[in-house]
Amino acid sequence: MTRWFTDTIVDNGRLPLFFLMLAFLLTFLFIRISTRMIRAEVSWWPGNVTPGGLHIHHVVFGLVTMLVSGLLLVALAAHETPVLNCVLATFFGIGSALVLDEFALVLHLRDVYWAEEGRSSIDAVMVAFAISMLFLLGIHPLGLAHDFDEYTDDGAIATLMASIAGLIVQYGLAVLTLLKGKFWTGFLGLFFPILLIVGAIRLSRPTAPWSRWRYQPGSPKLAKATAREARYREPVIRAKIAAQEFVSGRFTPRVPGTGPDET
C-alpha cells in the first residue's frame with residue numbers, strides 16, 4: 001500500500017490533491033455532524049455563529065477560506081514548495097466542503113438545508129468528491145486525457161483536426177446522454193467514454209427533455225421508458241435518498257413561516 005501511494009500519488013505530484021480531498025471529506029463529515037448535533041439541541045462546538053444576532057452560515061467561512069487559499073495557491077505555490085502546496089490545498093479543500101455543503105442555499109437563494117431541496121448539496125458534494133478521486137488516480141476527463149499527444153508528437157494539422165473531431169463527437173454524445181436525463185452516465189462518461197455510447201443509445205428517462213421532444217404521448221418508447229423508470233430507476237433513487245439522509249440527517253418538508261434549524 002505504501003509503495004502504491006508513493007508511486008501513484010507522491011511521485012506523480014498529486015500529494016496536494018490528496019490533502020485537498022482528505023480535508024474536503026473530513027470537513028464535510030465534521031460539519032454534517034455539527035449541524036445534526038445543533039438540530040438535536042445537543043451542546044456542541046462550535047455551534048451556531050450568531051454575532052449580534054446575525055446568523056452567519058458556514059458557506060461564508062468556506063468562501064473566505066477558498067478565496068484566500070486559492071489566491072495563495074496561484075501566487076505562491078510552485079514545484080519547489082511541496083509543503084506549502086499541501087497546506088494551501090488542505091485549506092482549499094476545507095473551504096470547498098463548507099461551500100458545497102450549502103450548495104442548495106446558493107442555488108435556491110433561501111435556507112433549504114433541511115428541506116427536500118437540500119439534497120442537492122449532497123449531490124454536489126458527491127460529484128466534487130468523485131472528481132477529486134478520479135484526478136487523484138490519474139483519470140482525466142475528455143480534452144485533458146492525453147487527447148492531443150499524437151499531435152504533440154508529429155505536429156501534423158491532420159492529426160490535430162482528427163483529435164478535435166474526436167472530442168466533438170464525444171462531447172456530443174455527452175450532451176445527448178444528459179438530455180436523456182442520465183446525469184451520472186454522462187458525468188462518468190467524460191472520464192470513461194464508452195459509457196457515453198451506452199447512454200446515447202439507450203432510452204431516455206420519461207421526464208427528460210429528450211423524451212418530451214422525441215417520444216409522443218402513448219408511444220411504445222414512452223411506455224417502455226416509463227416502465228423502466230419504475231422498475232430500475234425508482235428503487236435506485238430511494239436507496240440514494242436513504243444514503244443521503246444517513247449521512248446528512250433526515251430532510252423534512254418546509255413549513256411556511258418557520259425559521260431555519262441551522263445552516
Side-chain angles (χ1 to χ4, degrees), residues 59 96 99-135 139-145 147 161-245 247-248 250-254 256:
V59 66
S96 300
V99 169
L100 290 181
D101 186 58
E102 294 204 302
F103 173 79
L105 182 149
V106 178
L107 178 64
H108 296 280
L109 293 180
R110 57 191 177 90
D111 185 359
V112 292
Y113 197 80
W114 297 114
E116 183 177 352
E117 298 94 326
R119 292 175 184 154
S120 59
S121 293
I122 309 301
D123 290 335
V125 168
M126 290 172 61
V127 170
F129 186 77
I131 292 174
S132 300
M133 178 63 74
L134 289 169
F135 270 91
I139 303 171
H140 299 131
L142 298 177
L144 300 177
D147 299 272
M161 297 305 294
S163 299
I164 293 175
L167 285 177
I168 291 175
V169 170
Q170 292 177 92
Y171 274 110
L173 291 175
V175 171
L176 177 57
T177 301
L178 293 175
L179 287 175
K180 289 189 172 185
K182 302 174 182 181
F183 171 78
W184 280 104
T185 303
F187 165 66
L188 292 176
L190 296 177
F191 295 85
F192 307 101
I194 188 64
L195 295 177
L196 297 178
I197 299 176
V198 176
I201 292 175
R202 292 177 65 82
L203 282 173
S204 168
R205 295 184 60 198
T207 57
W210 186 264
S211 176
R212 294 197 298 270
W213 298 337
R214 305 286 296 182
Y215 300 168
Q216 296 298 321
S219 67
K221 282 190 174 181
L222 182 59
K224 187 175 180 179
T226 303
R228 180 174 292 175
E229 183 86 358
R231 184 175 182 181
Y232 298 110
R233 180 77 180 182
E234 291 180 5
V236 171
I237 293 298
R238 288 194 294 269
K240 188 187 82 165
I241 292 173
Q244 288 176 332
E245 294 191 341
V247 172
S248 61
R250 183 172 296 278
F251 297 99
T252 55
R254 175 163 297 282

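Residue numbers start at 1 and run along the sequence shown.
Counting only heavy atoms from C-beta outward, the side chains of L178 and K182 never approach each other to under 4.5 Å. With contacts defined as side-chain heavy-atom distances shorter than 4.5 Å, the pair P206/L222 qualifies. Side-chain contact check for L196 versus L142: some heavy-atom pair is nearer than 4.5 Å. Two residues are said to be in side-chain contact when any heavy atoms from C-beta on lie closer than 4.5 Å; I197 and L173 meet this criterion. No side-chain heavy atom of L105 sits less than 4.5 Å from a side-chain heavy atom of R110. When side chains are defined from C-beta on, F192 counts as touching L134, because their heavy atoms get closer than 4.5 Å.
Closest non-hydrogen pair, A174 versus L190, comes out as CB-CD2, 3.9 Å. Of all the heavy atoms in S204 and A225, the pair that sits closest is O-CB, 3.3 Å.
Pairs of residues two or more places apart, or lying in two chains, never qualify as salt bridge (Lys or Arg N to Asp or Glu O under 4.0 Å) while including a residue from residues 194-204. The salt bridge (Lys or Arg N to Asp or Glu O under 4.0 Å) pairs that include a residue from residues 121-130 are D123-K240, where partners are two or more places apart or lie in different chains.
Every residue meeting the salt bridge (Lys or Arg N to Asp or Glu O under 4.0 Å) condition with R205, not counting sequence neighbours, appears here in chain and number order: E229. Residues passing the side-chain contact (heavy atoms from CB on, under 4.5 Å) test with S120, sequence neighbours excluded: F103, A104, L107, H108. Residues meeting the ring pair (Phe, Tyr, Trp, His ring centres under 6.0 Å) test with H140, sequence neighbours left out: F135. Applying the salt bridge (Lys or Arg N to Asp or Glu O under 4.0 Å) test to K224 and every residue at least two apart in sequence or in another chain returns nothing.
Going from atom CD1 of I122 over to atom CG of L100 covers 10.5 Å, rounded to the nearest 0.5 Å. Distance check, rounded to the nearest 0.5 Å: CZ of R228 to CG of L203 gives 5.0 Å. L179 contributes atom CG, which lies 10.0 Å from atom CZ of R212 (distance to the nearest 0.5 angstrom). With rounding to the nearest 0.5 angstrom, the OG1 atom of T226 is 10.5 Å from the OH atom of Y215.
Ring pair F183/F187 is parallel by interplanar angle, where below 30° counts as parallel and above 60° as perpendicular.
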(Q) Let's go through V106 and V59 carefully: what are the C-alpha distance in whole Å and the side-chain angles of both, what is the deciding distance for side-chain contact (heavy atoms from CB on, under 4.5 Å) to 0.1 Å, and is it a yes or a no? (A) CA-CA 9 Å; V106 178; V59 66; 4.2 Å; yes
